[in-house]
Participant: 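Just dropping this structure here.
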Amino acid sequence: MMERPKVAFFDLSCCEGCQLQVANLGEELLDVLGLIDLVEFREVMSETWEGRYDVAIVEGSVVNEESEQRLREIRRRSDLLIAYGSCATIGGVNGMKNRKPLPEVQQEVYGERADWFPTDRTRPLHQLVKVDYFIHGCPIHPQEFIKVLKSALAGLPYQVPDYAVCVECKFNENVCLYDKGVTCLGPVTRAGCNAWCVNNGNVCYGCRGLVSNPNRAGAEEVLREHGLDAGLIANKMLMYNAAMEPCDE
Amino acid sequence: MSRNVSVNVEFLTRVEGHGHIVVDVANGVLQKAELQIVEAPRFFEALLQGRSIFEAQHITSRICGICACGHSLASIQAAESAIGFSPSAQTIALRKLLLHMENLDSHILHIYMLAAPDLLGVQSFMGLMPEHADAVRRALRMKKACNDVCDILVGRHVHPISCVVGGFTKLPDVRQLEAMHALLLQIREDLVPTVALLGALKFPEFERETEYVALVSDEPEYPLLSGDVGSSDGVRKVKEDYRAVTNEFLVPHSTAKHARLSRGSYAVGALARFNLNAARLHPAARQAAAEIGLSAPCHNPFLNTAAQLVECVHCSEEAIGIIEQFLEQGIDQGEAVIVGVNENRQIPVRAGHGVGAVEVPRGILFHDYEVDAEGIIQKANCVIPTGQNLQNIEDDMHKLVPEILDRDPAEITLALEMLVRAYDPCISCSTHFLQVEFVGR
Ligand code: SF4
Ligand code: SF4
Ligand code: SF4
């Protein structure tokens with residue numbers, strides 16, 4: 001019989017909410033654990049592992065030299081690397097600091113001791129190493145996590161949906177927020193969350209990143225129709241997508 | 001005794017975030033006991049500058065995945081007080097329900113997954129499986145139930161969706177109230193064997209008299225979402241004066257700031273709340289305390305885990321009470337807010353300054369915002385419970401190490417890890433402080 005694949009979880013700079021989503025699978029977690037040999041997961045276990053990982057699942061973004069080295073080391077020791085959560089896939093909220101001069105940001109939080117705590121521009125993982133699978137979202141959607149993990153274990157590709165959240169939103173029969181005079185990033189954001197936020201009465205903040213071919217003209221027309229300022233959208237987009245390089249967009 | 005001991009735990013496990021414990025004993029004399037916080041800072045206060053007050057809750061809940069609901073609630077409280085908005089009685093009751101679920105969920109995670117392995121002598125939660133499969137399944141079931149309640153109430157537990165400045169963007173209907181009620185009854189049932197389990201465990205014996213800080217109030221209710229800030233040394237201040245309580249200072253070995261009040265350090269968290277407010281607990285929680293032998297005042301930091309369990313009973317009973325009341329009197333669906341970032345100006349905005357103080361799982365959490373007339377944040381400050389506990393943890397280590405110096409290094413290391421874990425530190429939260437005053441040491 002084949003040996004069970006060695007899987008490890010790692011966290012860089014983040015809120016650890018995505019690993020919590022994994023822990024929150026409940027008893028379903030036990031089924032997942034039955035398929036793998038979990039060798040490292042610092043938040044819930046003290047064991048560590050010296051060997052090679054079949055799959056490394058990495059959360060959080062790279063914000064300093066130390067995390068960059070850790071990520072490169074993890075990549076070197078893993079056959080497959082899965083980036084999970086917006087922090088890891090697009091930079092996430094950590095990326096907002098990229099739009100300000102770093103010394104100003106440091107000064108704001110640590111004052112005259114700013115130099116004690118060095119920091120760097122925020123980067124999602126694929127800007128530094130090769131990423132084999134992306135699980136978008138802030139936080140990740142537990143069912144998508146299972147789908148991706150199963151694909152990775154079976155050696156199959158996983159296609160991230162490349163249509164807008166609006167598609168899922170319409171399936172859920174929500175009243176469109178634009179009709180209520182509110183801007184929503186659904187038209188330009190990658191689906192896959194089943195329009196989670198809109199279903200719960202809020203707007204889409206774009207946490208899954210932009211679709212590869214956003215319909216800019218269409219979005220602008222909607223804004224014009226409702227008399228809304230395009231600056232609102234641009235500003236909202238920076239909440240999650242500020243760390244994307246121009247070439248990523 | 002002349003003995004050299006050097007403990008160096010890199011990347012403490014089974015805690016949230018990244019920390020090291022460094023202890024140095026030379027010739028039997030303790031030279032150094034530090035909890036080094038090496039989590040990379042994420043600079044939230046700087047990120048908030050220039051963003052709308054209506055986005056603050058969405059952003060700050062990302063400080064921490066474990067207590068995302070608590071950050072949301074503190075953030076909303078600060079935001080509403082900055083713009084002068086008063087929430088309705090229905091909103092306050094639903095927020096209390098959310099906070100109870102937050103404390104319950106986080107405490108269960110800590111008791112079963114992070115602390116129990118230490119007390120039962122295994123390395124991790126998974127190690128409990130062979131001999132304590134029932135406990136593992138029970139823990140997962142309870143966590144799932146907490147999550148399911150949060151899913152219904154606010155869309156999800158990690159980064160709640162529908163609780164916003166002004167109220168809730170979506171309100172539960174009767175069927176959903178009944179579903180939450182059923183889940184909570186199941187939690188109530190599962191807490192019975194949990195109390196029995198913890199009552200049977202042996203906690204390390206250690207005591208250090210400490211100053212405890214928590215919300216206090218003259219109302220009969222156990223204060224979690226409102227009240228003044230009080231301490232066991234007799235300090236009492238309104239929450240707007242929180243800086244005079246926290247007195248933050250920086251130390252080079254930690255990206256999180258430290259705090260002190262009347263003495264060199266103070267403690268916040270379940271044990272602090274229990275010590276200050278035990279008489280206000282739900283009767284069922286007081287009974288659970290008696291069953292596991294916990295009484296106030298208690299000066300053994302390891303028993304923070306026991307105080308968390310007592311709070312679990314309290315929170316589940318209170319949550320059941322809130323839902324039953326709504327089932328009786330109904331929910332006014334007309335109160336649902338449509339705000340987005342308030343583009344349609346549903347909620348009036350004005351310039352102002354507001355502070356939120358909320359008892360989240362690890363202790364009292366402060367959010368503080370200054371906004372301009374457009375509701376744009378000019379300045380933000382967050383003081384997180386784990387930061388407030390750091391100095392106290394180090395002071396505990398200073399007393400504990402000499403008491404256990406005759407044990408072998410592995411045992412000393414484990415005792416120190418257990419001590420730190422007992423505080424349930426959330427290191428990823430604790431590195432997002434502002435507060436630029438520096439107090440030298
Ligand atoms: S993506 Fe969101 S939930 Fe996941 S770690 Fe980052 S901030 Fe937390
Ligand atoms: S814009 Fe937002 S609310 Fe409207 S359909 Fe798209 S996702 Fe739904
Ligand atoms: S609706 Fe938008 S912000 Fe919400 S989870 Fe989906 S992609 Fe993320």
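Below, chain A is the first sequence line, B the second, and so on; all start at residue 1. Heavy atoms only: backbone and side chains are in, while hydrogens, waters and symmetry mates are out. All of these numbers come straight from a predicted model, not from anything done at the bench.
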Participant: Ring centroids only, cut at 6.0 angstrom: are A:Tyr205 and B:His159 within range, meaning strictly under it?
Facilitator: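 Distance test on ring centres: not under 6.0 Å, no.
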Participant: Check B:Arg51 against A:Asn235 and note the closest heavy-atom contact, atom names and distance.
Facilitator: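 In terms of heavy atoms, the two residues are closest at NH2-O, 3.0 Å.
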Participant: Using every non-hydrogen atom in the two residues, find where B:Thr169 and A:Asn202 come nearest and quote the distance to one decimal.
Facilitator: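 Smallest interatomic distance, heavy atoms only, reads OG1-N, 4.0 Å.
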Participant: Within this structure, what is the OH-CD1 distance for the pair A:Tyr240 and B:Ile59, rounded to the nearest 0.5 Å?
Facilitator: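 The CD1 atom of B:Ile59 is 8.5 Å from OH of A:Tyr240, to the nearest 0.5 Å.
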Participant: Considering all heavy atoms of both residues, which atom of A:Asn200 and which atom of B:Ser162 are nearest to each other, and what is their separation?
Facilitator: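 Closest heavy-atom pair between A:Asn200 and B:Ser162: O-CB, 3.4 Å.
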Participant: So which part of A:Asn199 gets closer than 4.5 Å to some heavy atom of chain B, the side chain, the backbone, both or neither?
Facilitator: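 Just its backbone gets close to chain B.
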Participant: Evaluate whether atom CD of A:Glu173 has more than 12 neighbouring non-hydrogen atoms of other residues, nucleotides or ligands under 6.0 angstrom away.
Facilitator: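 At most 12 heavy atoms, drawn from other residues, nucleotides or ligands, come within 6.0 Å of this atom.
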Participant: Would A:Cys15 and B:His71 count as a side chain to side chain contact (heavy atoms under 4.5 Å, CB included) if you check the C-alpha gap in whole Å, the side-chain angles of each, and the deciding distance to 0.1 Å?
Facilitator: CA-CA 12 Å; A:Cys15 84; B:His71 275 286; over 6 Å; no
Participant: Say you draw a straight line from CE of A:Met96 to CZ of B:Phe44; how long is it, rounded to the nearest 0.5 Å?
Facilitator: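 Between A:Met96 CE and B:Phe44 CZ, I get 7.0 Å after rounding to 0.5 Å.
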Participant: Without swapping roles, check the side chain of B:Arg62 against the backbone of A:Cys14 for a donor-acceptor pair under 3.5 Å.
Facilitator: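 Flag not set: sc B:Arg62 to bb A:Cys14 has no pair under 3.5 Å.
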Participant: Would a 4.5 Å heavy-atom cut-off, applied to side chains only, mark A:Cys197 and B:Arg156 as touching?
Facilitator: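 When only atoms from C-beta onward are counted, B:Arg156 and A:Cys197 do touch, with a gap below 4.5 Å.
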Participant: Mind ranking B:Ile161, B:Val154, B:Asn147, B:Val337 by heavy-atom pairs under 4.5 Å with chain A and telling me who comes out on top?
Facilitator: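 Maximum pair count with chain A is reached by B:Ile161.
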Participant: Hey, what do you get for CD1 (B:Ile338) to NZ (A:Lys180), rounding to the nearest 0.5 Å?
Facilitator: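 If I round to the nearest 0.5 Å, the distance is 5.0 Å.
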Participant: Heavy atoms, side chains only, cut-off 4.5 Å: are A:Leu20 and B:Ile66 in contact?
Facilitator: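 Touching, per the 4.5 Å side-chain cut-off.
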Participant: Could you measure the distance from the CD1 atom of B:Ile63 to the CD atom of A:Glu16? Nearest 0.5 Å is fine.
Facilitator: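 It is 13.5 Å, given to the nearest 0.5 Å.
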Participant: Nearest 0.5 Å please: distance from the NZ atom of A:Lys97 over to the CD atom of B:Gln49.
Facilitator: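 One gets 15.0 Å once the value is rounded to the nearest 0.5 Å.
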Participant: Just verifying a value: how many Å separate B:Leu47 CG and A:Asn98 CG, rounded to the nearest 0.5 Å?
Facilitator: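 One gets 9.5 Å once the value is rounded to the nearest 0.5 Å.
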Participant: Which of the residues A:Cys18, A:Pro139, A:Ser61, A:Gly60 is involved in the greatest number of heavy-atom pairs with chain B at under 4.5 angstrom?
Facilitator: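 Of the options given, most contacts go to A:Pro139.
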